[in-house]
Amino acid sequence: MELWQIVGGGEAGGILVRKGRDLKSPAEEERLAKGSEVQQLELAGDRLRYRLQSGSGPAEGWISIRISGKELATRVWRAGEEPAWIQESAKKMQAFRDGAQVLPSPVQLPKRLEGGSDPRSRLPPFKRLSHKEMQEMSLKNLPGHFSAMKFPHTAEQLRSFGPSWYTDAFHKFGTLPADNYVTKVVHVEQLPHSGFDAAGGAGHKAFIDLQYAKPDPNLHTQLFAKYPWDYFESETGKQYRMQISTYGDMDSAELLTSICCEHLFPFRIPKLYFADINRDTTNYVLIVERINFGKRGKVVNGKVEPIQRKPFEILPVCGKYQDYLLEDAPSVYYALFREMAHLAAWDHQGRYDSFFGAMTKYTEKEFLESQVKSRKAQKQKRFEVLTNGCATMLEKGIDFATNVAPQIFTKAGKNKEKLEKMREEITAIAPHFDDIRLFLASSSDFVGAMHMNLQADNAYLWHDEHGDLDVGIFDWCGFGRSPFVMNFMGCLSGADADLLDAHEEGLMKMFCDEYARYGGPRIQVEDLLLRYHLQWPSFAMDACQWVERDIYRECPKEEWPSIKTMLDDQFVNRWNVRCRGTTLVNALEFYHRRPFKRIFDEWKSGVGKAYLTDFTA
């Protein structure tokens, strides 16, 4: 039973109750008193159909749970009646405080995977469409490979396919009990893909509100859908559709992760309701539970005012590269590193072998024999190409920081002498970027299953009753095995230099400790930190390459004098300007705080000597 407590309406003698969901439906004469508890019968957006359990007011009716951001009703649970995820989170965080080992335990297969059927066997090989093919094929609605059903892939289709499609689709995936069905598609709302509250760039997103014939606490009436950009909607839509749906197989990877791995992870992910894709059209849809993010505090001068929250209340959503909206950014990053460690550790325990196959275990000695010693010498011309290519990229970033938009950079981040020193150092290291990447994979102890881009915007967070932060994770397009330190860069690219300066060693220690506690190998903090530092020069170079590719495309050079700070609308409301610009600002400030060239030289003359490319051919 899902219960709500009325927390608003104290001055008005209670909150208004209407006979129907519509805000224009007739109102009841009696109000629902503050402090009353009601049972949820149906939840559609911010409208709740209830049955009175205690207190005073109409026995049944419709209320608003919030108006203009003000909470009128909050969810409550009685002891022992909490949702399973709350009980699991409380147990998990207690084990964290106790330092208790946590290994994978047997789990029940979802109905969609019963019978030994592997969804991947039904998926044809990836097909890369040309622009001409995309123009023709993306307009078609062909059956998906997982369900053999036609499926919606636009906001309009999510509405027009109607209750019967949702019923059949959810039955097909085993999400909806056979004796229940969807009676109504109440509302579909496509989320913004630009502006301050842009909902990401990998595809369109929408909220869906449904009604079921039989209300069920295990069924969500509020759902979230992800589907591809429309090739014809705009130049941006065309570019993203081709980039995401044809340059690589990102879309099916995200669907398959939810289909095959939802029950395997050591943390929450949104409950899957339906997912499908068609290779010939590249159309797809992913439908999962909607996360009810909490209300954000007032943002003043780029800082958010904290709000008192109840245990297990989901914190406000944080947009990509909007870390200033986090009420406690360091604690968020520690929680993310903890979960990355858990994810990788369970891979070493065989948790995802059904998805990836068994992990190959190897030592550094074995790696040197099999992967490094067989490498061929490279020509000196290759050395020059790598050096010059790196210099060109860096010059674009340095020019942006010193001449085009110095007003958004820190004092060190636009200092010409420091930036010239950085350019000299990184171009000297650049011919050995591949050697460094090879070193990162030198032992299977440093390899594991990883989320490709676990930034704060791809997580939902809550505090338990002791105030410790727990995490759920979404956006799984890049789930795979990799040297996990490479994924740290994506996680931390939105973190400002002061946070990194204060916490990078603590974050590495968190990973090492939690990696071992969840069954991974024991690795040393200094070894992990070395690998992290060795990546920084290539990360700084990469941050510079997006100036011309993305930043100037959305905000040409001539517009930058009108932008005063990174909080200006012209910066925040343009997706790539905000994402690429913030990364570069952070990178150019932090680079000068660590002796990266000295770290590289010491590695090069020591353990790294065995990995260096010979450019004498």
Side-chain angles (χ1 to χ4, degrees), residues 378-406 408-441 483 485-497 500-501 504 529-552 579-609 611-615:
Q378 299 289 313
K379 294 182 178 180
Q380 181 65 24
K381 182 67 175 178
R382 171 70 174 166
F383 183 95
E384 295 170 2
V385 168
L386 293 171
T387 301
N388 294 335
C390 172
T392 299
M393 286 190 199
L394 289 168
E395 285 163 7
K396 303 295 184 186
I398 292 170
D399 178 67
F400 180 67
T402 56
N403 298 318
V404 178
I408 70 169
F409 286 82
T410 63
K411 185 177 180 180
K414 60 187 174 187
N415 182 287
K416 292 185 178 181
E417 291 183 3
K418 289 180 180 291
L419 291 174
E420 176 58 24
K421 181 173 181 288
M422 179 191 78
R423 189 190 68 79
E424 292 175 356
E425 291 180 351
I426 295 179
T427 52
I429 300 171
H432 299 289
F433 283 166
D434 285 343
D435 303 333
I436 291 170
R437 281 188 281 270
L438 200 64
F439 172 67
L440 299 181
V485 73
M486 295 175 68
N487 300 79
F488 294 177
M489 308 308 293
C491 176
L492 293 171
S493 59
D496 66 44
L500 286 180
D501 208 4
E504 68 168 7
L529 193 59
L530 170 63
R531 285 166 163 78
Y532 173 67
H533 282 158
L534 285 172
Q535 289 183 98
W536 251 94
S538 63
F539 173 71
M541 179 197 74
D542 183 73
C544 292
Q545 72 163 305
W546 299 104
V547 172
E548 289 205 343
R549 291 179 61 180
D550 276 348
I551 293 177
Y552 289 156
C579 297
R580 305 304 191 187
T582 302
T583 299
L584 186 58
V585 168
N586 292 339
L588 296 192
E589 166 60 32
F590 186 74
Y591 183 88
H592 310 294
R593 302 196 186 192
R594 297 292 184 271
F596 290 116
K597 180 61 163 59
R598 190 182 74 198
I599 292 169
F600 168 77
D601 288 340
E602 291 175 355
W603 172 80
K604 180 181 176 182
S605 62
V607 67
K609 187 182 296 185
Y611 296 87
L612 298 181
T613 298
D614 179 0
F615 287 101

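This one's a predicted model, so the numbers in the text were calculated from it and none came from an experiment.
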Would you tabulate the side-chain donor-acceptor contacts of residues 381-395 under 3.5 Å, counting partners in other chains and residues two or more places apart, or write 'none'?
unit_1: Thr387; atom_1: OG1; unit_2: Phe383; atom_2: O; d: 2.9
unit_1: Asn388; atom_1: ND2; unit_2: Glu384; atom_2: O; d: 3.2
unit_1: Thr392; atom_1: OG1; unit_2: Asn388; atom_2: O; d: 3.0

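- Contact annotation: the side chain of Met541 approaches that of Phe433 to within less than 4.5 Å [non-hydrogen atoms, C-beta and beyond].
- Closest approach of Asn586 and Ser493 over heavy atoms only: ND2-O, 3.4 Å.
- Ring orientation note: the planes of Trp536 and Tyr532 are nearly perpendicular, at an angle over 60° on the 30°/60° scale.
- From His432, atom NE2 reaches atom CG of Leu438 across 13.0 Å, with rounding to the nearest 0.5 Å.
- Counting only distance, with no hydrogens or angles, the side chain of Lys396 and the backbone of Val547 share no donor-acceptor pair below 3.5 Å.
- The nearest pair of heavy atoms linking Phe590 to Glu504 is CZ-OE1, 3.6 Å.
- In summary, the side chains of Thr410 and Glu589 do present a donor paired with an acceptor at a separation below 3.5 Å, with no hydrogens or angles considered.
- How far CG of Leu440 is from CE of Met486: 6.5 Å, rounded to the nearest 0.5 Å.
- Pairing each heavy atom of Leu500 with each of Arg594, the nearest pair is O-NH2, 4.1 Å.
- Residue Cys544 holds its SG atom at 5.0 Å from CE of Met422, rounded to the nearest 0.5 Å.
- Between Phe400 and Phe409, the ring planes are perpendicular. Angles over 60° get that label, and only those under 30° would be called parallel.
- Distance check: Phe596 CZ to Ile426 CD1 gives 9.0 Å after rounding to the nearest 0.5 Å.
- In this structure, Arg549 and Arg580 have side chains that are not in contact, with every pair of non-hydrogen atoms separated by 4.5 Å or more.
- A side-chain donor-acceptor contact under 3.5 Å links Thr427 to the backbone of Glu424.
- The CG atom of Leu584 sits 11.0 Å away from atom CD of Gln545, with the distance rounded to the nearest 0.5 Å.
- In this structure, the side chains of His592 and Leu419 come closer than 4.5 Å at one or more pairs of heavy atoms.
- Of all non-hydrogen atoms in Phe615 and Pro431, the two that sit nearest each other are CZ-O, 3.5 Å.
- With respect to the salt-bridge test (charged N to carboxylate O, under 4.0 angstrom), the residues Asp434 and Arg437 qualify.
- The nearest pair of heavy atoms linking Phe600 to Leu534 is CA-CD2, 4.0 Å.
- Between Ala428 and Lys597, the shortest heavy-atom contact is CB-CE, 3.9 Å.
- We find the NZ-OH distance between Lys421 and Tyr591 to be 6.5 Å, quoted to the nearest 0.5 Å.
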